[in-house]
Amino acid sequence: MNRRFLIAAGGTGGHFYPGFSLGRLLNKQGCSVLFIVRRGDAAVRVLEENKLKYREIDFCSLPRSFNPWRHIQFWVKFIKALSQTRRIIEEFRPDVAVGTGGYISFPLIFAAHAKHIKTAVHDSNTKIGLANKICSRWTDLFLLGLPVNEKIRNSVLVGTPIRKEFAEPVDKKQTLSALGLNPDFKTVLLFGGSQGAKALNQALIEAVKRLVAENDDVQFIHISGERWYESISHRYGKTRRVKVLAYSNEIYDLIHACDLAVCRSGAGTLAELIYCKKPALLVPLPSAAANHQFYNAKVLQSVGCAALVQQGPNLGGELYSLMDRILNASNNSVLQTMHDNYAKLGLPDPMGATEEIARLLKKL
């Protein structure tokens, strides 16, 4: 029996990649898969590169302001998106409709439920997003990436899928040498995620310059983002043992190769850190909806595998102090303890999440 799955995914990487991993697996298993994405979404390029079918709809997020014009625009687009989604459902005739978080899920789950099609939603965060909260009233299956404090009907904790490349063996020496770095030095990976990197980038430069000046065996890989690459490279100038990258397609190699990560705490990033058991300093994005990145970070902080640093006026100084203490601890004791503490989390293995989600969806 050729099962048919319609998957709404996109927006941020944290919402897109779980759906992408799921769609890629279902496609490989002989199922028919069609993605729904927002018109103009960067996810389109990834889907095309992987020869996955998709349809675009014209939709936007619910305005957080009281601007009446934006609310009018939202409702006009919502009605249009609902009509587009209904037509896609009628043409594709899915067995199951799946949303992987974000506002793009809402028209699909709403329209599919109205047509008596089985529905499922995956939410990666420990704070359920608004669109998913509304969708939870109609879903036949609610898949959780992290534990949540509220009661969600038909919910199952499955973890957040990550790309299969994270399971491939990594040659640390080769990875670091290719970047002109010393494989014998302690390596810190710095990255800001798909949004909100400016303040974090600036604070990191301040901290890194001090650490490089004071230590002879510490080096840094700083993924700046395309937008900030020129200015950050200029600010580092001739600072030794710092490799600045605008972007990396091999983030899985870099996370495995580093000793410590300093990053935001989006759910996708956390799933990757959990799989790699990587000690981390987590700086939640302050503007994240419902402050969900803060609560994500608390999950890792609670067992001691990561430290939580809130973004404030002294962010650079705080990051310097923490990195200095961790990197200069005798016999790497702090790094080893943080690594070992991942065993206390008791969460599903992210590498098995895609297969488990696929299994549960087929049961629907």
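Partners of Tyr236 according to the ring pair (Phe, Tyr, Trp, His ring centres under 6.0 Å) rule, which considers only residues two or more places apart in sequence or in another chain, are His222. Under the side-chain hydrogen bond (donor to acceptor under 3.5 Å, both in side chains) criterion, His292 pairs with no residue, sequence neighbours left out. Considering only residues two or more places apart in sequence or on other chains, Asp324 meets the side-chain hydrogen bond (donor to acceptor under 3.5 Å, both in side chains) condition with Asn328. Checked against side-chain hydrogen bond (donor to acceptor under 3.5 Å, both in side chains), Glu214 has the following partners two or more places apart in sequence or in another chain: Tyr320. Partners of Arg39 by side-chain hydrogen bond (donor to acceptor under 3.5 Å, both in side chains), not counting sequence neighbours: none found.
Counting only N and O atoms by type, the side chains of Gln29 and Arg24 include no donor and acceptor under 3.5 Å apart. Under 3.5 Å, the side chains of Asp253 and Thr175 contain no donor-acceptor pair of N or O atoms. Looking only at atom types and distance, the side chain of Asn341 has a donor-acceptor partner in the side chain of Lys344 under 3.5 Å away. A donor atom on one side chain and an acceptor atom on the other are found under 3.5 Å apart for Arg87 and Ser83.
Under the side chain to side chain contact (heavy atoms under 4.5 Å, CB included) test applied with Leu273, the options Cys263, Ser265, Pro350 reduce to a single match, Cys263. A side chain to side chain contact (heavy atoms under 4.5 Å, CB included) with Leu130 is found for one member of Asn132, Ile134, Ile128 and no other, namely Ile134. Each of Val188, Val218, Val242 was checked for a side chain to side chain contact (heavy atoms under 4.5 Å, CB included) with Val208, and the lone residue meeting it is Val242.
Counting only residues at least two apart or on different chains, the salt bridge (charged side-chain N to carboxylate O under 4.0 Å, His left out) pairs with a member in residues 351-364 are Glu356-Arg359. Annotation: ring-ring contact (aromatic ring centres under 6.0 Å, His included) contacts involving residues 141-175, sequence neighbours excluded, comprise Phe166-Tyr252. The list of side chain to side chain donor-acceptor pair (under 3.5 Å) pairs with a residue in residues 106-116, not counting sequence neighbours, reads Glu90-Lys115. Every pair passing salt bridge (charged side-chain N to carboxylate O under 4.0 Å, His left out) that includes a residue from residues 128-139 is listed here, sequence neighbours excluded: Lys133-Glu150. Screening residues 27-52 for ring-ring contact (aromatic ring centres under 6.0 Å, His included) gives no qualifying pairs among residues at least two apart or on separate chains. Annotation: salt bridge (charged side-chain N to carboxylate O under 4.0 Å, His left out) contacts involving residues 272-287, sequence neighbours excluded, comprise Arg163-Glu272.
No donor-acceptor distance shorter than 3.5 angstrom exists from the side chain of Asn125 to the backbone of Lys127, with no hydrogens or angles considered. Here the side chain of Asp123 pairs no donor or acceptor atom with the backbone of Leu144 at under 3.5 angstrom. Looking only at distances, no side-chain donor or acceptor of Gln293 sits under 3.5 Å from a matching main-chain atom of Ala288.
Residues Pro279 and Ile326 fail the side-chain proximity criterion, which asks for heavy atoms closer than 4.5 Å. Asn154 has its side chain out of reach of Thr139: every pair of non-hydrogen atoms, C-beta onward, lies at least 4.5 Å apart. With contacts defined as side-chain heavy-atom distances shorter than 4.5 Å, the pair Tyr17/Val46 qualifies. Side-chain atoms of Leu254 and Leu245, non-hydrogen and from C-beta on, do get closer than 4.5 Å to each other. Between Leu260 and Met323, the closest side-chain pair of non-hydrogen atoms falls below 4.5 Å.
Atom NZ of Lys298 is surrounded by 12 or fewer heavy atoms from other residues, nucleotides or ligands within 6.0 Å. Around NZ of Lys172, the count of heavy atoms belonging to other residues, nucleotides or ligands within 6.0 Å exceeds 12. Dense packing is recorded around CZ of Arg153, with more than 12 heavy atoms of other residues, nucleotides or ligands lying under 6.0 Å away.
In this pair, Phe106 and Trp138 present their aromatic rings tilted. The plane angle is within the 30 to 60° band.
Between Lys186 and Asp259, none of the side-chain N atoms (NZ, or NE/NH1/NH2) sits under 4.0 Å from a carboxylate O, so this pair counts as no salt bridge.
Grouping Ile, Leu, Val, Met, Phe, Trp and Tyr by side-chain contacts under 4.5 Å, direct or through others, puts Tyr295 with Phe294, Leu308.
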